[in-house]
Amino acid sequence: MLHKCKVTVIDKKLYPELQAQYCADPQVGPCPCYHVGDGYIFERYGKADHFWHMGIGTLTGEGGDREGTAGSAALPHCSEAWDAISRYIYTALQGGSIMHGWMNDERVMITCCSDGTRPVIFKICRLDYKAFYIEGVGCKKCEQKIAAALKAIPGVTDVVFRRDEKFTEVYLDTEMPDKILRQAVEGCGGYRVVKIDQ
């Protein structure tokens with residue numbers, strides 16, 4: 001299987017008493033780089049290799065390219081956060097167990113940055129998928145038909161069509177033989193799976 005890593009900011013803490021006692025600017029306040037709900041997707045397939053650029057361009061969703069936000073098109077992740085989370089991101093991108101025996105799902109880790117006066121809490125999740133190259137997909141209806149057939153298979157969690165790169169991502173929460181997925185696509189009629197990368 002191929003792998004991505006999804007990072008989500010799930011909380012931010014602030015300890016003003018510690019900032020007042022120890023910080024050069026006692027009113028520095030909460031971390032300005034991250035916002036609760038910010039989401040990031042790290043990839044290493046096709047044209048993407050986000051890890052080696054410290055996550056520049058990984059910010060997704062409503063945050064878009066919010067100026068001054070870590071992971072936007074112009075900004076890498078904060079060095080304090082990157083130091084704390086990069087090993088988990090790299091492990092996920094390689095398909096490894098992020099935290100076996102500690103979390104109830106080895107594909108997930110809850111961790112935080114190392115700023116003791118205003119830590120940011122992250123959920124890090126490995127996403128497993130296969131890249132399908134499908135001939136005959138010409139419109140949105142084709143995509144909807146194929147997605148419905150694939151999502152009807154237990155273990156398929158999502159289907160994403162990458163039109164620009166001409167492949168389809170099939171997300172799985174368990175190992176699955178290619179044959180089952182191929183039959184679902186080709187059973188829709190008029191489509192042929194020419195290659196599956198995993």
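The first residue of the sequence shown is numbered 1, and numbering continues consecutively from there.
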pair M99-V108: side-chain heavy atoms closer than 4.5 Å: no
- line: By salt bridge (charged side-chain N to carboxylate O under 4.0 Å, His left out), E165 pairs with (sequence neighbours left out) R162
query: Should T69 and L59 count as side-chain neighbours, where that means a heavy-atom distance under 4.5 Å?
result: yes
- prompt: Would you say the side chain of V160 lies within less than 4.5 Å of the side chain of T168, judging by non-hydrogen atoms?
  reply: no
- request: Group every Ile, Leu, Val, Met, Phe, Trp and Tyr by side-chain heavy-atom contacts under 4.5 Å, then state whether V120 and L14 land in the same group.
  value: no
task: Heavy atoms only: give me the nearest C188-A149 pair and the separation to one decimal.
output: SG-CB, 3.5 Å
message: Checking T8 now: which residues fulfil side chain to side chain donor-acceptor pair (under 3.5 Å) with it, not counting sequence neighbours?
response: none
field: Test side chain to side chain donor-acceptor pair (under 3.5 Å) applied to K4 - qualifying residues, sequence neighbours left out
entry: E169, Y171
- prompt: Are T157 and L172 close enough that some pair of their side-chain heavy atoms sits under 4.5 Å apart?
  reply: no
task: Identify the heavy atoms of V137 and C142 that sit nearest to each other, and give their distance.
output: CG1-CB, 3.9 Å
message: Show the nearest heavy-atom pair for residues I85 and T111, with the distance to one decimal.
response: CG2-CG2, 3.7 Å
- prompt: Would a hydrophobic clustering, with Ile, Leu, Val, Met, Phe, Trp and Tyr connected at side-chain separations under 4.5 Å, put I121 with V9?
  reply: yes
message: Taking F167 as the starting point, is it possible to reach V185 by hopping between hydrophobic residues whose side chains are less than 4.5 Å apart?
response: no
- line: Separation between CE (M54) and OG (S79), nearest 0.5 Å, reads 6.5 Å
- prompt: Is R182 close to I196 at the side-chain level, that is, under 4.5 Å between some pair of heavy atoms?
  reply: yes
message: Measuring from atom SG of C5 to atom CZ of R44, what distance do you get when rounded to the nearest 0.5 angstrom?
response: 12.0 Å
query: Crowded around K123 NZ? As in, over 12 foreign heavy atoms under 6.0 Å?
result: no
Below 3.5 Å, can you tabulate the donor-acceptor pairs from side chains in residues 124-134 to any protein atom, sequence neighbours excluded?
residue	atom	partner	partner atom	Å
R126	NE	D128	OD1	2.7
R126	NE	D128	OD2	3.4
R126	NH1	G95	O	3.4
R126	NH1	G96	O	2.8
R126	NH2	D128	OD2	2.9
D128	OD1	H3	ND1	2.8
K130	NZ	M176	O	2.7
K130	NZ	D178	OD1	2.5
K130	NZ	Q198	OE1	3.2
Y133	OH	Y45	OH	2.8

message: With a 3.5 Å distance limit and no angle check, can you tell me whether T60 reaches the backbone of G39 through a side-chain donor-acceptor pair?
response: yes
Verify same cluster id: L2, F161 (apolar side-chain graph, 4.5 Å): no
message: I'd like to know whether F51 forms a ring pair (Phe, Tyr, Trp, His ring centres under 6.0 Å) with W82, so could you lay out the CA-CA distance, the side-chain angles of the two residues, the decisive distance to 0.1 Å, and finally the verdict.
response: CA-CA 10 Å; F51 185 84; W82 186 250; 5.3 Å; yes
- prompt: Measuring from C112:SG to R118:CZ, what's the distance to the nearest 0.5 Å?
  reply: 14.0 Å
field: side-chain hydrogen bond (donor to acceptor under 3.5 Å, both in side chains) partner of T58, chosen from E43, H53, H50, H77
entry: H77
Donor-acceptor under 3.5 Å (S97 side chain, H100 main chain): yes
Identify all side-chain donor-acceptor contacts of residues 19-29 below 3.5 Å with residues at least two apart in sequence or on another chain.
residue	atom	partner	partner atom	Å
Q19	OE1	G29	N	3.1
Q19	NE2	G29	O	3.0
Q19	NE2	T117	OG1	3.3
D25	OD1	Q27	N	3.0

- prompt: Does some side-chain heavy atom of P119 sit less than 4.5 Å from a side-chain heavy atom of E80?
  reply: no
message: Within the 4.5 Å heavy-atom criterion, are I41 and V7 side-chain neighbours or not?
response: no
task: Please answer whether the main-chain N or O of C31 pairs with a side-chain N or O of K12 as donor and acceptor at a distance below 3.5 Å.
output: yes
- prompt: Looking at C78 and A70, what are the two nearest heavy atoms and their distance?
  reply: N-CB, 4.0 Å
- request: List for me each residue that meets salt bridge (charged side-chain N to carboxylate O under 4.0 Å, His left out) alongside D83, sequence neighbours excluded, and say none if there are none.
  value: none
message: If you take the centroid of each ring, where Trp contributes its six-membered ring, are Y34 and F122 closer together than 6.0 Å?
response: yes
- prompt: With hydrophobic residues grouped by side-chain heavy-atom distances under 4.5 Å, do L75 and I89 end up in a single group?
  reply: no
